[in-house]
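The structure appears right after this line, and notes come after that.
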Amino acid sequence: MPPPLDYLEGKKLCVVFVKVLEPSTGRVQCRALRGRAAINQGHLDVMTAKGAIFTVPSSAYGTVAPNDGTKLLGDADYFCLVKVDPNIDLEHGGPGHHGPNCHCGGHHHEEDDEGGFPVIY
């Protein structure tokens, strides 16, 4: 059973999407999504300033922790880690992404991006 998350209601939450690039070295790519936490029928949602809603997978509930000062987290009160499939493109949607391999059709703009460029560690 996931831990109770009611204390997150209304708090600033940063979801850090983590993509493993090189398992042998621990090299990862991270991208942040920042917003306000909301508990909706027992699920944790994050609503961005632009109104987009992301439902945090329950597998990430155990990673919720207070902001530790890492620059990527910005001014969030708390953060959580969401591991993404290696086939997910974390760069798409970042500033300047409308290149030759972009298939979004221009449906969003650079200023809609909540997390900026992905960061590699």
Would you find a donor on one side and an acceptor on the other, under 3.5 Å apart, between the side chain of [X] and the backbone of [Y]?
X	Y	answer
Asn40	Asp45	no
Arg27	Leu21	no
Glu9	Ile39	yes
Thr63	Leu81	yes

Measuring from atom [atom1] of [X] to atom [atom2] of [Y], what distance do you get when rounded to the nearest 0.5 angstrom?
X	Y	atom1	atom2	value
Phe17	Leu90	CZ	CG	8.5 Å
Leu44	Phe54	CG	CZ	9.0 Å
Tyr78	Asn67	OH	CG	10.5 Å
Asp77	Tyr7	CG	OH	11.0 Å

Would you say that Thr48 contacts Leu33 through its side chain, given a criterion of any heavy-atom pair below 4.5 Å between the two side chains?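 With C-beta onward as the side chain, the pair touches.
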
Any side-chain heavy atom of Val119 within less than 4.5 Å of one from Gln29?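 Side chain of Val119 against side chain of Gln29, heavy atoms only: no contact under 4.5 Å found.
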
How far apart are the closest heavy atoms of [X] and [Y], and which atoms are they?
X	Y	result
Arg34	Leu72	NH2-O, 2.6 Å
Ile88	Lys19	O-NZ, 2.9 Å
Cys80	Ala60	CB-O, 4.1 Å
Thr70	Asp68	OG1-OD1, 2.6 Å

Please evaluate residues His43 and Tyr61 with respect to the criterion side-chain contact (heavy atoms from CB on, under 4.5 Å), reporting the C-alpha separation (whole Å), side-chain torsions for both, the decisive distance (0.1 Å), and the verdict. CA-CA 10 Å; His43 299 283; Tyr61 291 177; 4.0 Å; yes

Given side-chain contact (heavy atoms from CB on, under 4.5 Å), test Val46 with Arg36 step by step and report yes or no. CA-CA 5 Å; Val46 178; Arg36 292 270 177 189; over 6 Å; no

Trace of the side-chain contact (heavy atoms from CB on, under 4.5 Å) decision for Val64 with Leu8: CA-CA 9 Å; Val64 173; Leu8 293 174; 3.9 Å; yes

Determine whether Ile53 and Leu13 fall in the same hydrophobic cluster, where Ile, Leu, Val, Met, Phe, Trp and Tyr are linked whenever their side-chain heavy atoms lie under 4.5 Å apart.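 They do not share one cluster, since no chain of ILVMFWY contacts under 4.5 Å joins Ile53 to Leu13.
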
Report yes or no: do Met47 and Leu73 belong to one cluster of Ile/Leu/Val/Met/Phe/Trp/Tyr joined by side chain heavy-atom distances under 4.5 Å?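 Different clusters: Met47 never reaches Leu73 through Ile, Leu, Val, Met, Phe, Trp or Tyr contacts under 4.5 Å.
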
